[in-house]
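To start, the structure itself, in structure tokens.
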Protein chains: 2
Amino acid sequence: MTDLEQYLQTYFDFDQTELGKVAAFFKPEMLKKGDYYLRTGRSCNKLSFVQSGLLRVYVELEDREVTQWISTNGYFITDLSSLVFDKPSRWNIQALTDTAIYTIDKSDYNQLGRYIPKWPQTEKLFIAHCFTTLEDRVFSFLSMTAEQRYNILFESNRELFNQVPLQYIASMLGMTPETISRIRRKQLF
Amino acid sequence: MTDLEQYLQTYFDFDQTELGKVAAFFKPEMLKKGDYYLRTGRSCNKLSFVQSGLLRVYVELEDREVTQWISTNGYFITDLSSLVFDKPSRWNIQALTDTAIYTIDKSDYNQLGRYIPKWPQTEKLFIAHCFTTLEDRVFSFLSMTAEQRYNILFESNRELFNQVPLQYIASMLGMTPETISRIRRKQLF
DNA sequence: CGGCTCACTTGATCTAGATCAAGAAATCAG
DNA sequence: CTGATTTCTTGATCTAGATCAAGTGAGCCG
């Protein structure tokens, strides 16, 4: 079983035949550090799976950048509103390190239902899962302090903190790098 | 065409026959002011459409309540993670006023695909739309001031501000009622 | 090895928005 | 209509976290 199949299996309830079929649509690709997977305004006609490396999802404002998310190995990456609704994509997605991904393009993606009968159900569960993740995130902004938000991310994704410049993590948590630095210091005692 | 069909049409690309079939599954219900549509911890085995009135989605913390969302007429309401994944629901949903809804129960909901061939596709688009709405909301917390968040909600949903106590709106925007009051005052000039 | 460039930390100060407290308005029940 | 309750406003004060400004240190490349 390939890495990709292995990971697909952790997300989706597929049997070996289905795994093989789905995985066959994904083509390996490499991004060099700094390469863009996607640019704001372009159409995102693909969905990818991160095998290794780091992809940062962000927007450029006039005076600063806002990081929305960082995808590490084992995550999928795309701009959903662009992929599904054909809208210009809202995010830039850039490789923070050399990154290995598997990519399925939109036309293949949209055909998956023909080959995998339970694809529509699977896809629904997948998007619903993404929805509830964001729901939690909204809730964290409504109800938690910076320190609490930091702790939750840290507990759930420790590796991230060794691999990614603090400023990006701070931005996706809605705080400054200085604040994270102070939270860390405080927690030493 | 009933109210419900009319609204379904604004969300979904159904023809008249499909509209009729889908609408037939929804049963009208009335909630009195203060009634609960759903309680934290219970299973949410239904999806509803708000015809009139107001439903507040919130969580009780030890020391306060956090309002996640308020559904007005024309919105759907459910706890998606509970409906789709059978988890205990995370939110309380309570009627702020007498409220008229149309409800489809989970077993019927899960059968829709049998009667409406394009239901799976439609459902996917619907959930994806909800996802991007939350994505915008997360982005608003990462990049905007209280005043900017207030303005966006106010522009997109003016009626809400006449109908709902300020404290609930404040909570769903992640600020206090006093802050909204001051933003308003400031904007008089 | 020494000089650059980033990333991170730390301190000093500032500020958006929270909290606390008191009135004023509006809404509601009898 | 009247008193009670809830909601909204306004002021005074406080604080979490931002901003600004120096350092410190760790890779990296010549």
Nearest whole angstrom, please: distance from the P of C:dG17 to the CZ of B:Arg184. 17 Å
Spacing of A:Leu166 atom CG relative to D:dG17 atom P, expressed in whole Å: 16 Å
Would you call the rings of B:Tyr75 and B:Trp69 parallel, tilted or perpendicular, taking 30° and 60° as the class edges? perpendicular
Validation row: B:Phe139, A:Trp91 side chains within 4.5 angstrom (heavy atoms): yes
What is the distance, to the nearest angstrom, from the CD1 atom on B:Ile169 to the C1' atom on D:dT7? 12 Å
So, with a heavy-atom separation below 4.0 Å from DNA chain C, the residues of residues 136-160 of chain A are none
Protein-nucleotide distance (A:Lys186, atom NZ; C:dG11, atom C1'), rounded to Å: 18 Å
When you measure from the centre of the six-membered ring of A:Phe126, is the NZ or CZ of B:Lys124 closer than 6.0 Å and no more than 45° off the axis? no
Expressed as a whole number of angstroms, how long is the span from A:Met175:CE to D:dA18:P? 7 Å
Compute both the distance and the angle, then confirm whether A:Lys46 meets the cation-pi test with A:Phe26: under 6.0 Å from the six-membered ring centre, within 45 degrees of the axis. no
What integer distance in Å separates B:Phe161:CZ from D:dC8:P? 11 Å
Does A:Gln167 make a side-chain N or O approach to OP1 or OP2 of C:dA7 shorter than 4.0 Å? yes
Tell me whether the centres of the aromatic rings in A:Phe161 and A:Tyr150 are closer together than 6.0 Å. yes
Residue pair B:Ser52 / B:Asn73, side-chain donor-acceptor N/O under 3.5 Å: no
For B:Tyr168 together with B:Tyr58, are the ring centres under 6.0 Å from each other? no
Taking protein heavy atoms under 4.0 Å as touching, what does nucleotides 19-30 of chain D look like 5' to 3' if B marks base contact, S marks sugar-phosphate-only contact and - marks none? BB----------
In whole angstroms, the gap separating P of D:dA16 from CG of A:Leu173 amounts to 18 Å
A:Arg114 versus A:Gln111, side-chain donor and acceptor atoms under 3.5 Å: yes
On DNA chain C, check which nucleotide each of B:Lys33 and B:Gly174 is closest to and give me the residue with the more 5' one. B:Gly174
Closer than 4.0 Å, any side-chain N/O of B:Arg185 to the OP1 or OP2 of D:dT10? yes
Rounded to whole Å, the CG-P distance (A:Asn162 to C:dA7) equals 16 Å
Verify the distance criterion only: is there a donor paired with an acceptor across the side chains of B:Ser43 and B:Asn45 at less than 3.5 Å? no
